[in-house]
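Single-structure report; data block below.
Throughout, protein chains are lettered first and strands after them, A, B, ... in sequence-line order, and every chain is numbered starting at 1. Keep in mind the model is a prediction, meaning the values are calculated, not measured.
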Number of protein chains: 2
Amino acid sequence: MDVFQAVADPVRRSMVERLADRGEATAGELSELAAERFGIRQPTASKHLKVLREAGVVTSSVDAQRRVYRLEPGPLDDLAGWAARQTRFWTGRLDALERHLDSEGDTP
Amino acid sequence: MDVFQAVADPVRRSMVERLADRGEATAGELSELAAERFGIRQPTASKHLKVLREAGVVTSSVDAQRRVYRLEPGPLDDLAGWAARQTRFWTGRLDALERHLDSEGDTP
DNA sequence: CAGCTATATAGCTGTGTGGCAAAGTATGGC
DNA sequence: GCCATACTTTGCCACACAGCTATATAGCTG
């Protein structure tokens, strides 16, 4: 699954936000957060973490029985870059459009 | 459907990119593009346009029998902003983290 | 080693969403 | 007025995905 799909889910976005705000967290902490905010069970949260992992949005390392998750900036930067590029092109271009229409000479 | 879900689909992303690159387009043009790239039929493309419309990513106006679609920067800016915020927080903070760990004084 | 804690996996189910063909709604042209 | 054009809507099916419970795996702890 790609980054776009990964962050399409509010539960996963909430996990990402938690990691962005306060740094790394264990699977348990993230699961508990999801439980509070969305009322989901631990295995469901674990599944969401798997999706984020496979999209490269987070990485995990093993600390005894704990898995520590942290944010991986790459994919999110790609996402931000894509979205920004889409708007930078035509935002503030209304004038350019009008010039274009003028040069076309047809106002139906 | 929100912006995140709206751009989660590659067909819809392709439509957005087309509008970002070369400005407004008719439903027919966007449908044809989707047909070429993804092999989908016209009603399916129309459905995708509806999703983009309802997410506020595009707006449409009527020109005779044609519907002209254009990009609405707002939602995409929100998306870009969100994604950027998630990474700006901890990117380039590895040093900050190390400083934090130093000030904690515990290296287990 | 027994048992507790932490997390992942397996297997099942309901619902949302993407795909299609067919029908409906406007509008322009003959 | 009627047909063609340009879309959208409707109704259908299939499949992906989020949710759950139950179970497996792994590592501490007594």
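In the set C:dT27, C:dA8, C:dG19, the nucleotide with an atom closest to the side chain of B:A64 is C:dT27. Here D:dT9 is the nucleotide among C:dG28, C:dG18, D:dT9 with the atom lying nearest to any side-chain atom of B:K50. Comparing D:dA18, C:dT27, D:dC12 by their closest approach to the side chain of B:K47 singles out D:dC12. For A:Q65, the side-chain atoms get nearest to D:dG27 when compared with the rest of D:dC7, C:dA8, D:dG27.
Within the 4.0 Å cut-off from OP1 or OP2 of D:dT21, at least one side-chain nitrogen or oxygen of A:R41 is found. The phosphate of C:dT7 has neither OP1 nor OP2 within less than 4.0 Å of any side-chain N or O from A:R67. Between A:S46 and C:dA8 there is a side-chain polar atom (N or O) within less than 4.0 angstrom of OP1 or OP2. A close approach under 4.0 Å does occur between a side-chain nitrogen or oxygen of B:R12 and OP1 or OP2 of C:dG18. At C:dG18, none of the side-chain N or O atoms of B:T44 fall inside 4.0 Å of OP1 or OP2 (strictly under the cut-off). Between A:H48 and the phosphate of D:dC17, there is no side-chain N or O to OP1/OP2 separation shorter than 4.0 Å.
Between atom CE of residue B:M15 and atom OG of residue B:S31 there is a gap of 6.5 Å, rounded to the nearest 0.5 Å. Taken to the nearest 0.5 Å, the CG atom of B:L71 stands 11.0 Å off from the CZ atom of B:R18. In this structure, CZ in A:F38 is found 8.5 Å from NE2 in A:H48, a value given to the nearest 0.5 Å. To the nearest 0.5 Å, atom CG of residue B:L49 and atom OG1 of residue B:T44 are 11.0 Å apart.
Counting to the nearest Å, the P atom of D:dC17 and the CG atom of A:D2 are 10 Å from each other. Between the CG atom of A:L49 and the P atom of C:dA6 there is a distance of 15 Å, rounded to whole Å. Nucleotide D:dC7 holds its P atom 9 Å from the CG atom of B:L30, rounded to whole Å. Distance, A:D63 CG to C:dA8 C1': 17 Å, rounded to whole Å. Nucleotide C:dA8 holds its P atom 12 Å from the CG atom of A:L52, rounded to whole Å. Here D:dA18 presents its P atom at 16 Å from CD of A:Q42, a figure rounded to the nearest Å. When rounded to the nearest whole Å, the span between CZ of A:R66 and P of C:dA8 equals 13 Å. The interatomic distance linking A:D9 (CG) with C:dT15 (P) rounds to 18 Å, in whole Å.
Judged purely by atom type and a 3.5 angstrom limit, B:R88 has no side-chain atom pairing as donor or acceptor with the backbone of B:A83.
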Go through it in stages, so that I can follow the logic: the residues are A:D2 and B:R13, the test is salt bridge (charged side-chain N to carboxylate O under 4.0 Å, His left out), and I'd like the CA-CA distance, side-chain angles, deciding distance and then a yes or no. CA-CA 13 Å; A:D2 62 0; B:R13 263 192 327 266; 3.4 Å; yes
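Residue A:S31 is classed as having no contact, given no heavy-atom separation below 4.0 Å to the nucleic acid. Backbone-only contact: B:Y69 has heavy atoms under 4.0 Å from sugar-phosphate atoms and none from a base.
In the helix from C:dC1-D:dG30 to C:dC30-D:dG1, the end axes, each obtained as the rotation axis mapping the C1' atoms of four pairs onto the next four within a five-pair block, lie 10° apart to the nearest 10 degrees.
Along DNA chain D, the nucleotide nearest to B:P43 and the one nearest to A:M1 differ in position, and the one closer to the 5' end is contacted by B:P43.
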Give the table of side-chain donor-acceptor pairs shorter than 3.5 Å for residues 57-68 of chain B, with sequence neighbours excluded, one pair per line with atom names and distance.
{"unit_1": "B:T59", "atom_1": "OG1", "unit_2": "B:R70", "atom_2": "NH1", "d": "3.4"}
{"unit_1": "B:T59", "atom_1": "OG1", "unit_2": "B:E72", "atom_2": "OE1", "d": "2.9"}
{"unit_1": "B:S61", "atom_1": "OG", "unit_2": "B:R70", "atom_2": "NH2", "d": "2.5"}

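Taking a 4.5 Å side-chain heavy-atom cut-off between Ile, Leu, Val, Met, Phe, Trp and Tyr, the cluster of A:M1 extends to A:V51.
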